[in-house]
There are 4 protein chains.
Amino acid sequence: MRSLASDNTSGMHPAILAALAIANHDHEGAYGNDSYTSQAVALFKKHFGEQAEVFFVFNGTGANVLGLAASTTSYGAVICANTSHIYVDESTAPDSFTGCRLLPIETPNGKITPAQVAEKIKGLGVEHHPQPQVVSITQSTEYGTIYTAAEIAAIAEVTHANGLYLHLDGARLSNAAVSLQSNFASFTTAVGVDIVSFGGTKNGLLCGEAIVFLNPALARNFKYIRKQGMQLFSKMRFIAAQFIALFTNDLWLHNAQHANQKAQELAKILQKHKAVKITQVVEANSVFAILPPHWITPLQAEIYFYVWNETTHEVRFVCSFDTTSEDLQKIERKLEELKTL
Amino acid sequence: MRSLASDNTSGMHPAILAALAIANHDHEGAYGNDSYTSQAVALFKKHFGEQAEVFFVFNGTGANVLGLAASTTSYGAVICANTSHIYVDESTAPDSFTGCRLLPIETPNGKITPAQVAEKIKGLGVEHHPQPQVVSITQSTEYGTIYTAAEIAAIAEVTHANGLYLHLDGARLSNAAVSLQSNFASFTTAVGVDIVSFGGTKNGLLCGEAIVFLNPALARNFKYIRKQGMQLFSKMRFIAAQFIALFTNDLWLHNAQHANQKAQELAKILQKHKAVKITQVVEANSVFAILPPHWITPLQAEIYFYVWNETTHEVRFVCSFDTTSEDLQKIERKLEELKTL
Amino acid sequence: MRSLASDNTSGMHPAILAALAIANHDHEGAYGNDSYTSQAVALFKKHFGEQAEVFFVFNGTGANVLGLAASTTSYGAVICANTSHIYVDESTAPDSFTGCRLLPIETPNGKITPAQVAEKIKGLGVEHHPQPQVVSITQSTEYGTIYTAAEIAAIAEVTHANGLYLHLDGARLSNAAVSLQSNFASFTTAVGVDIVSFGGTKNGLLCGEAIVFLNPALARNFKYIRKQGMQLFSKMRFIAAQFIALFTNDLWLHNAQHANQKAQELAKILQKHKAVKITQVVEANSVFAILPPHWITPLQAEIYFYVWNETTHEVRFVCSFDTTSEDLQKIERKLEELKTL
Amino acid sequence: MRSLASDNTSGMHPAILAALAIANHDHEGAYGNDSYTSQAVALFKKHFGEQAEVFFVFNGTGANVLGLAASTTSYGAVICANTSHIYVDESTAPDSFTGCRLLPIETPNGKITPAQVAEKIKGLGVEHHPQPQVVSITQSTEYGTIYTAAEIAAIAEVTHANGLYLHLDGARLSNAAVSLQSNFASFTTAVGVDIVSFGGTKNGLLCGEAIVFLNPALARNFKYIRKQGMQLFSKMRFIAAQFIALFTNDLWLHNAQHANQKAQELAKILQKHKAVKITQVVEANSVFAILPPHWITPLQAEIYFYVWNETTHEVRFVCSFDTTSEDLQKIERKLEELKTL
């Protein structure tokens with residue numbers, strides 16, 4: 001089976017499997033008291049700065065929700081895009097675990113603006129209203145778009161000026177770094193992001209995400225929150241070892257470059273067809289496009305992808321570290337065929 | 001490093017690693033929509049009965065807490081041993097996620113009795129008091145002891161007679177099955193257990209636990225609870241594949257047999273020393289013993305284990321699928337040496 | 001001090017005080033086990049139908065939140081107007097107590113439509129998304145507007161057709177009944193409302209609200225939810241006695257008629273001024289109007305009211321059972337004076 | 001109907017009713033923005049010290065739970081007597097609202113000791129275990145017993161030495177002050193109590209409790225917690241006015257003196273009978289006694305009271321500000337009659 005449905009339909013990169021094999025010897029302290037975890041944390045500090053505090057969890061929802069829990073109180077509110085994963089795809093996990101309200105901002109491309117954020121920050125100090133405490137952005141966004149470092153800095157400014165924290169859902173942070181031709185710190189640490197969910201699973205890990213506190217004060221009691229949040233892994237070495245592999249020989253970079261590159265190639269294939277309209281600028285590893293309705297099912301039969309919007313016939317393709325030229329050729333051939341029908 | 005601190009200081013069994021390698025090809029549907037998950041679920045049904053409903057999660061706390069959430073309301077109470085993992089080792093995850101009160105029963109050996117359960121079931125129907133809704137037992141217990149099927153049946157009887165559900169924390173269920181020389185169903189499905197947390201991690205998996213609803217009515221809305229509980233794995237195939245391997249060629253059995261056997265051997269080694277007092281009957285893969293206080297640190301230097309009770313100098317040794325004869329010989333030799341000092 | 005800021009700046013109607021005095025004799029069973037509570041419940045059944053199940057609580061937030069808790073699960077969602085009290089004025093009480101997401105509908109006048117509701121009901125059965133479980137409307141709305149019985153019936157239809165419940169925040173239900181010249185049942189029980197928050201405080205009580213389950217299945221375990229929600233009053237007779245008084249000699253009706261009538265009179269006074277623009281149709285006891293900015297402070301000095309929208313200079317006046325002709329004359333005189341400046 | 005079942009079966013003291021009548025004029029700011037609230041807060045500061053921060057709520061469960069919420073985090077634990085109201089009589093409100101675990105201490109008389117508290121404070125800093133954060137005591141206790149100031153100071157010492165806060169459930173604080181012949185501050189503020197639930201309802205109010213933060217740092221964000229906890233009263237003046245009356249002419253003192261005195265008289269009546277065994281020292285307004293089983297029902301027919309323990313035939317009598325000599329004479333006469341049967 002081949003799929004462009006999501007970057008989580010892939011397995012793990014061979015180097016990750018190899019890292020698991022290497023880590024699979026002997027005994028190690030549980031719950032992070034092991035040498036792999038120390039080493040992986042050190043690598044994160046190298047990428048994000050020495051002040052970063054790093055905690056590993058199982059999955060992206062865990063990373064996002066627990067990071068928000070560390071920076072909110074139960075009468076708080078979290079400002080986010082109405083397209084964000086925390087708003088759309090994490091059930092009520094953010095709401096029920098933190099007690100907070102999510103305040104969605106309408107956005108056509110997954111990106112929110114400082115002005116929109118400013119407009120949502122109201123009622124501060126008035127107990128009748130949920131108190132805005134965190135702004136959450138996604139990088140790269142759920143629409144495959146990218147915030148520049150300057151755009152994030154501008155959001156951070158309005159966020160901090162009002163006493164809020166800035167959270168960044170980086171389930172696809174590596175794809176963003178590739179797109180910006182930048183290291184991680186320059187569009188996170190350097191521009192005022194307080195908390196990052198650093199995604200591993202969608203960039204070739206078996207499973208594993210990191211919560212990176214760039215504002216270390218927020219990490220003070222986080223070990224308790226992770227445990228209470230059911231995200232403390234006993235055999236932690238196996239997440240840590242994957243991250244070590246991800247940061248070795250720039251695997252994170254190569255995987256994300258590959259995925260982004262394949263998305264560019266796919267976009268080119270689609271653009272050849274007047275009947276197809278690409279709806280979002282392709283900056284990371286996703287391509288959003290409106291297809292002729294009767295093309296969708298036959299094309300899905302070649303290689304699976306999601307219909308994003310049933311009404312407009314917009315679909316989403318997500319490329320991964322293991323998307324192949326053959327995958328794209330299948331699409332190319334089928335589109336040619338469909339065009340002639 | 002070698003350790004008898006816990007069965008989670010081990011890595012994974014080689015067959016599990018091999019299963020991950022095999023599952024690591026091509027694309028698969030995410031979130032359990034894959035062929036491995038179907039196959040693994042079928043294997044669980046074979047072991048627990050066709051009516052069983054099975055859901056995979058990351059870790060034991062997740063399994064326990066979500067299973068309890070499926071069988072309680074926010075004004076409920078859960079009756080359990082004061083030594084149980086849910087009471088001692090899961091932070092406030094059970095309390096805060098379910099909203100319930102835990103009602104601990106004092107127990108010297110980790111096992112609760114029907115009479116103790118009956119005594120805790122009070123205030124039913126009176127809104128001022130937390131409403132007992134679930135009884136939770138652990139098998140094998142946190143003290144390495146075992147309930148017989150008849151003992152569980154007797155607890156189930158008082159539990160069900162009062163309208164409560166019976167939950168079983170089976171983080172070490174395989175060790176119990178070995179100890180009872182029994183299949184799983186005969187001391188769960190057959191005797192009235194409603195929900196089982198089936199442990200994989202402590203029996204040789206990288207990570208993975210299963211929530212097995214023997215009372216399928218409780219599973220009706222469970223998929224929402226798992227997602228809200230941040231325990232839905234995108235690359236689910238990698239947990240499922242491990243469970244397939246665990247049920248292939250009776251790996252679960254061999255691993256648990258090995259661990260239990262090593263515990264027996266360790267007990268024999270300890271029993272040779274009059275200065276050592278074994279404090280719990282050794283029925284599964286743990287050995288609890290009181291050591292002369294000045295023996296503890298030097299013995300830990302040979303192979304690590306936990307001091308269970310600082311006051312009484314009781315310690316805990318846990319054997320695993322990969323505990324070696326060399327591990328035990330180290331202890332044997334060191335004890336001989338300590339005796340002569 | 002005189003105020004048109006809200007109908008909760010009033011005290012209690014003299015008949016309510018008298019009822020408290022009458023109830024203040026001798027001993028009575030606590031927590032609702034008293035004769036006043038039985039009598040008050042019977043009166044509610046007379047108004048809403050014999051199947052109604054009635055529970056008294058302290059305040060409106062308690063009534064709304066606990067009613068929602070009775071009809072949702074922690075992975076649910078509540079569809080409501082973005083102007084609703086539950087969305088705007090109850091902190092995160094609805095979110096944190098129920099665990100649910102609130103899904104706001106944009107509305108210019110406080111009323112939502114069946115089409116808007118239908119649009120929000122999506123993702124049913126998909127665990128990634130909060131599950132819509134309740135639609136909540138306010139009658140009369142926070143903008144002083146009124147749903148007709150037919151409009152509520154139409155919302156109930158789309159609500160029930162999708163398996164959701166219909167909740168009605170009736171903090172000002174009496175004002176709505178007066179406006180519709182109708183009994184309560186005809187626009188609640190008869191048209192498919194499942195749960196009503198029946199407001200007493202804003203219609204002349206010292207304090208007291210009722211949760212009226214028109215769908216009695218939802219009341220089954222509600223006594224536990226009320227207790228857990230910290231809304232069970234020990235000296236319940238004192239809320240019950242107030243409701244008995246409210247339903248005696250149609251006090252509820254006279255109080256609401258008076259408030260609505262004063263709102264009409266106030267609207268007429270405002271309409272005399274071209275510089276003033278009434279922004280919402282005046283159907284209950286509130287008047288919303290845009291004032292010349294420099295008129296606001298001097299007019300507030302005469303009699304206090306809230307600025308609803310700082311940007312547009314929209315203000316809100318709320319009339320109460322004890323709003324006097326003198327109150328309105330103050331406004332009338334001041335407006336004449338301001339006009340000439 | 002006459003009752004000794006609880007001090008909440010009484011109505012309100014006539015002076016409280018009079019205070020409601022006086023406060024029932026004109027308009028006042030809502031939610032505590034009124035002159036009564038300021039005045040009542042000032043009176044509390046006079047009694048508890050100027051640094052005290054005071055918030056009014058509806059009921060005792062609200063006071064206790066919100067006070068605990070202000071001093072805990074979701075991974076915390078609250079140490080309390082197993083007889084405490086928060087453990088026995090508040091459903092899961094403390095657990096579910098705070099997320100915390102309650103750690104009960106066995107006590108024969110409602111009082112816990114510093115040594116017991118010290119024993120429960122363990123696992124600090126270890127994320128696997130709920131983190132003890134608050135010790136909660138009740139004064140006077142649920143068994144009508146009293147802590148001396150020195151006893152509270154000793155508990156405060158072990159509490160603070162471990163970084164925990166000391167909470168005091170003072171639903172019957174006035175009865176304690178009378179018993180200790182002391183002002184409030186000398187056994188609260190002066191000895192290290194951080195938070196007091198100050199009871200009004202059981203000492204003659206219609207309804208109303210105060211949360212008094214003697215450690216004002218804990219009050220910093222409390223207004224949000226009160227609102228989120230559904231305990232913010234719109235017509236706050238009516239609770240404030242009652243507290244003003246309670247502190248006027250020492251009404252609190254006279255009411256509690258009366259209740260305590262009646263308990264002493266009742267104890268004397270009971271002590272005349274060898275068949276009756278008083279089980280708790282009578283220090284406040286409750287009397288616990290074991291009655292001959294066949295006396296209970298006929299005595300309850302005279303004046304109602306609760307059977308506290310069905311097994312031992314222990315019963316509880318609670319005297320109130322309005323317990324009369326006639327009430328006690330009924331008991332006296334009936335006991336004489338029962339004795340002769």
Side-chain angles (χ1 to χ4, degrees), chain B residues 5-6 8 59-61 64-65 68-69 72-80 82-106 115 118-134 142 171 306-311, chain D residues 5-6 8 59-61 64-65 68-69 72-80 82-106 115 118-134 142 171 306-311:
Chain B
S6 176
N8 60 29
N59 63 354
T61 297
N64 284 334
V65 171
L68 294 176
T72 55
T73 61
S74 56
Y75 46 81
V78 175
I79 295 167
C80 60
N82 70 333
T83 54
S84 62
H85 202 266
I86 59 170
Y87 194 69
V88 176
D89 282 309
E90 302 187 356
S91 178
T92 60
D95 323 59
S96 60
F97 191 77
T98 68
C100 290
R101 171 86 45 88
L102 300 192
L103 302 178
I105 290 175
E106 293 281 328
E119 199 190 322
K120 282 282 177 194
I121 302 177
K122 54 189 173 193
L124 288 178
V126 182
E127 75 244 53
H128 300 278
H129 314 312
Q131 296 292 297
Q133 296 176 332
V134 174
E142 291 77 5
Y306 283 124
V307 176
W308 200 250
N309 185 322
E310 298 278 357
T311 312
Chain D
S6 176
N8 61 27
N59 63 354
T61 297
N64 284 334
V65 171
L68 294 176
T72 56
T73 61
S74 57
Y75 46 81
V78 176
I79 296 168
C80 60
N82 70 334
T83 54
S84 63
H85 202 266
I86 60 170
Y87 194 70
V88 176
D89 282 309
E90 302 188 355
S91 179
T92 60
D95 323 58
S96 60
F97 191 78
T98 69
C100 290
R101 172 86 44 89
L102 300 191
L103 301 179
I105 290 175
E106 294 280 328
E119 200 190 322
K120 283 282 177 194
I121 302 177
K122 54 188 174 194
L124 288 178
V126 183
E127 74 243 53
H128 299 277
H129 314 313
Q131 295 293 297
Q133 296 176 332
V134 175
E142 292 77 6
Y306 283 123
V307 175
W308 200 251
N309 186 321
E310 298 277 357
T311 312

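Here is the naming used below: chain letters follow the sequence lines, and residue numbers restart at 1 for every chain.
One N or O on the side chain of B/Arg101 and one on the backbone of D/Ser91 form a donor-acceptor pair closer than 3.5 Å. With hydrogens and angles disregarded, a donor-acceptor distance shorter than 3.5 Å links the side chain of B/Thr92 to the backbone of D/Ser74.
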For a quick test of your reading: what N or O donor-acceptor pairs under 3.5 Å do the side chains of residues 119-129 of chain D make, sequence neighbours left out?
unit_1   : atom_1 : unit_2   : atom_2 : d
D/Lys120 : NZ     : D/Pro104 : O      : 3.3
D/His128 : ND1    : A/Lys227 : NZ     : 3.3
D/His129 : ND1    : B/Val88  : O      : 2.7

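There is no contact between B/Phe97 and chain D, counting heavy-atom distances below 4.5 Å.
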